[in-house]
Amino acid sequence: MDKSKPKYYLTTPIYYANSRPHVGSAYTTIVCDVIARYKRMCGFDVAYLTGTDEHGVNIERAAEKLGISPADLVDRNQQIFRDLWKLLGISYTDFVRTTEPRHAVAVQNLVRRTQRVSPDAIFKRKYEGRYCIYDNLYVSDTPEPADCQICGRPAELISEENYFFRLSAYQEKLLQLYKDQPDFVQPDFRMNEVKSFVESGLKDLSISRKAIKWGIPWPGDPEHVFYVWYDALTSYMSGIGFVDGEPNSKKDSDRFKKFWPADVHMIGKEIIRFHAVYWPAFLMAVFPDKKLSGYMPGRIQAHGWLLFEQEKMSKSKGNVAYAEPIVKALGNDALRYYLLREVVFGQDGNFSKDALITRYNADLANGLGNLASRTLTMIEKYCDGRIPEMPAKFNESTGVRWYSSEAEESRNKFAKDISSAYDNFEFSKVTERIWEIVAQYGDAFLAQYKPWAHAEDPQMRWFVDGILHIAAQTVWAVTVFAHPIIPEATQGIWEQLGMSGKITDQRISEVKFGGLKPGTKIGKIEGVFPRADKKEILERIETMENEIRNPGSAQPAASGAEATSSATPAAIAAGAAPAPAVTAKIGIEDFAKVELRVGVVKSAERIQGADKLLKLLVDIGEEVRQVLAGIALSYAPEDLVGRKVVIVTNLAPRKMRGLESNGMLLAASVGPDGKPVLCTFAEDVPAGAKVK
Ligand code: MSP
């Protein structure tokens, strides 16, 4: 903790630990990391909290399904979150788990304090209504069946005695808060939605549950556990050392005293109500005497969703992409850059691996990466590996764009524009402006003045030096501007430029072109963004994704369809792992695990970019399945329609080329090349008949 610097405290939501993170959860964490890094570069001492939400019936049931304890499940999953944050270079400072004893103590103390200082705020009564176990939302206060407004799944009936929070008593106070802090919820249109919700009247809220065991016990009444959201929201305080919140408490950590309240709670748009209505009301009840500024978060910042094929990416919809394969195939900067560049912050944005690789090649490999390595290579070759001086001869009359007063003005504006875009969380604008510099003063500049063409001419030495000086200054400035977004590559370029100080000590708002000292000896040149072969990278990503979906399967994805030495095309048609050389005998009970049915091919088409793969729709009696099969070299799609096939119907779904395959066709493997020949029937058999 640095006492000399002003504080900045920001949080991500704490993520449900019932499953592993996907690109959607990574998005919020990456955005917060960019803000944290930017704020550090503005001179703030930053506390950045993230963590895992580990209680509730959903977790209880997820564990039961796996035959393990909830504690084991959350232990395992929270580690996957931490590992991913490490892989993504997330610079969080604090991690909170709601199953930690320090958190339970904080939650219990918070409610004890509320009962003492606001005695009317909490009361007991019977609750009957519908509750969504996935979003922990009270969906409706009547027993009639109802679907969750967030995830759309049917809500469960609850009928039990609970502790209630008298939310209705906070309506006026909340409206006053929104008046006093007009930016309390951002973007503005979200603030308006929240105000209308509160103006329409607030119902008291149940904050304990009786039928659940997996939660924090209510102090003095352990038959009850805390409602998951009361528990989870408190993590924003316990995570940085809140214990009892008593005036001048010796138990609360110095860290809590310095950093609380949060400057920004970053959240997805679906959890605004919990943060903008319930959370401030809970806080008002705990600190009724304090001034708002002493305890109220500065801002609830809501962002949009990452969509996959127009729907919110979420595990329950089965349309998730995972971050780990992308990072392993392309590096963490690639994912960070893509998400910040493509999604207009605050709005929903589409996620596509294809677009990600295109962006990577265009902006990172051919853009910044290429500019940095070309510039450094020429400095190595023509300037003895030292940043050249700007020759006195090089001035306005040289006619180089750098020297026009217009160019100077536009250059000076960059630092201001970029830092104000960072301040306003306009990340796509930040990246657009930075990459404008790359194009204008980097690529186009070198292409126009061609230093290499004059390198052998002693008369033109000064000109070559001047051009390379400008190119190096450009790379230097861009490296500083882009550091919060692509920390790894910019650190690499920083070192290659020969810089010894820390990149993070630079102030983005004050960056002046010219900060790179002439004479600096450059470091070892290494490409930071190698060009990516789209097909190959997609295949690698999909193979790794399949391994995450079906651990231990080691199934080749579409790449398998391109025939490896041990996997025959027939086996590949089946999407199976290469067969071992010697097959052990299996019992009938093992064979019985495989469900085989007759299918009728309803349609078949080729898949763009995959020479060997066909997409089939196969009628298996009760349903029509999409199956991807590596048989395109042996069968024309039009010859397959109406054909009877044998299909394995109980194979876990897997993705190839972004498409889900729900089953596998059986085929003989013929000849040395293992040509696939589909199994079929001589007699008439109906679709859906079992094959035994
Ligand atoms: N545990 C609660 C939050 C408690 S905070 C006191 C929760 N958890 S969650 O696992 O469902 O994660 C919610 C957050 O993950 C969202 O608010 C959002 O920040 C992020 N996202 C999850 N899916 C997402 C997308 N498809 N797109 C963008 N963000 C996504 O709610």
Side-chain angles (χ1 to χ4, degrees), residues 10-33 35 49-59 62 74 77-78 80-81 84-85 95-99 103 106-107 110 132-137 148-151 153 190 215 226-239 262 264-280 282-283 297 300-323 335 339-340 342-352 427:
L10 111 141
T11 63
T12 69
I14 52 167
Y15 302 99
Y16 287 130
N18 59 323
S19 58
R20 62 182 305 133
H22 51 77
V23 171
S25 11
Y27 176 65
T28 315
T29 317
I30 289 173
V31 164
C32 286
D33 188 62
I35 298 171
L49 174 80
T50 188
T52 38
D53 195 349
E54 304 189 353
H55 287 130
V57 67
N58 188 25
I59 290 186
V74 296
N77 284 340
Q78 63 87 30
I80 302 180
F81 277 91
L84 176 60
W85 302 155
F95 192 99
V96 63
R97 300 180 57 186
T98 56
T99 51
H103 172 72
V107 171
L110 202 75
C132 171
I133 62 157
Y134 304 101
D135 292 297
N136 294 299
L137 178 75
C148 173
Q149 295 93 321
I150 298 179
C151 68
R153 286 176 280 197
R190 300 279 179 209
F226 277 84
Y227 168 44
V228 179
W229 273 97
Y230 193 94
D231 167 348
L233 287 161
T234 309
S235 70
Y236 294 144
M237 298 169 87
S238 67
V264 173
H265 289 310
M266 179 68 67
I267 57 167
K269 64 181 181 182
E270 78 287 3
I271 53 175
I272 295 180
R273 191 189 306 172
F274 302 100
H275 284 80
V277 182
Y278 301 169
W279 183 223
F282 294 160
L283 289 170
I300 309 296
Q301 179 75 48
H303 65 68
W305 285 338
L306 281 192
L307 307 176
F308 201 77
E309 283 145 19
Q310 306 311 320
E311 278 208 272
K312 182 187 180 212
M313 189 186 288
S314 74
K315 186 90 193 294
S316 64
K317 298 205 170 82
N319 64 351
V320 292
Y322 293 104
L335 180 63
L339 291 176
L340 290 156
E342 292 277 312
V343 180
V344 176
F345 185 72
Q347 298 176 16
D348 291 349
N350 255 317
F351 179 82
S352 139
F427 303 110

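Both counts, for ligands and for their atoms, begin at 1 and track the order of listing. Count residues from 1 along the sequence.
With ring centers used as reference points, Y236 lies under 6.0 Å from H275. Note: Y27 and H303 meet the aromatic proximity criterion, with ring centroids under 6.0 Å apart.
Some N or O of T28 is nearer than 3.5 Å to an N or O of ligand 1, by distance alone. Of the polar atoms of M313, at least one N or O is found under 3.5 Å from an N or O of ligand 1, judged by distance alone. Remark: ligand 1 and A232 share no N or O pair separated by less than 3.5 Å (distance only, no angle test). An N or O contact shorter than 3.5 Å links G24 to ligand 1 by distance. Residue contacts with ligand 1: G268 is placed with a nitrogen or oxygen under 3.5 Å of a nitrogen or oxygen of the ligand (distance criterion only). Residue I14 has at least one N or O atom closer than 3.5 Å to an N or O atom of ligand 1. Distances between N or O atoms of H275 and those of ligand 1 include no value under 3.5 Å.
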- Message: Let's go through V320 and F308 carefully: what are the C-alpha distance in whole Å and the side-chain angles of both, what is the deciding distance for side-chain contact (heavy atoms from CB on, under 4.5 Å) to 0.1 Å, and is it a yes or a no?
- Response: CA-CA 7 Å; V320 292; F308 201 77; over 6 Å; no

- Message: Pair I150, R273 - check side-chain contact (heavy atoms from CB on, under 4.5 Å), show working.
- Response: CA-CA 11 Å; I150 298 179; R273 191 189 306 172; over 6 Å; no

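Closest to atom 10 (O) of ligand 1 among all protein heavy atoms lies Y16 N, 3.0 Å. Closest to atom 28 (C) of ligand 1, if we only count protein heavy atoms, is L306 N, 3.5 Å. With respect to atom 6 (C) of ligand 1, the closest heavy atom belonging to the protein is Y236 OH, 3.4 Å. In this structure, atom 15 (O) of ligand 1 lies nearest to the protein heavy atom Y15 CE2, 3.3 Å. Of the protein's heavy atoms, E270 OE2, 3.0 Å lies nearest to atom 16 (C) of ligand 1.
When all heavy atoms are compared, the tightest approach of K269 to A302 is CA-CB, 4.2 Å.
If you number the atoms of ligand 1 from 1 as listed, the ones under 4.0 Å from a heavy atom of G304 come out as 28 (C). Applying the 4.0 Å criterion to heavy atoms of P13 picks out, from ligand 1, the atoms 3 (C), 5 (S), 14 (C), 17 (O), 19 (O). Contact atoms of ligand 1 toward I271: 17 (O), 31 (O) (distance under 4.0 Å to a heavy atom of the residue). Close contacts between ligand 1 and D53 involve ligand atoms 1 (N), 2 (C), 4 (C) [criterion: under 4.0 Å to a heavy atom].
Heavy atoms of H22 approach ligand 1 to within less than 4.0 angstrom. At least one heavy atom of W229 sits closer than 4.0 Å to an atom of ligand 1.
The main-chain N or O of F95 is never found under 3.5 Å from a side-chain atom of T50 such that the two would form a donor-acceptor pair. Judged by distance alone, with hydrogens and angles left aside, the side-chain atoms of D348 form a donor-acceptor pair with the main-chain N or O of W305 at under 3.5 Å. Judged purely by atom type and a 3.5 angstrom limit, D53 has no side-chain atom pairing as donor or acceptor with the backbone of Y16. At least one donor-acceptor pair closer than 3.5 Å links the side chain of T234 to the backbone N or O of Y230.
H103 and T98 form no side-chain donor-acceptor contact under 3.5 Å, judged by distance and modelled atom types alone.
The aromatic rings of Y15 and F81 lie parallel to each other, with less than 30° between the two planes, well short of the 60° mark.
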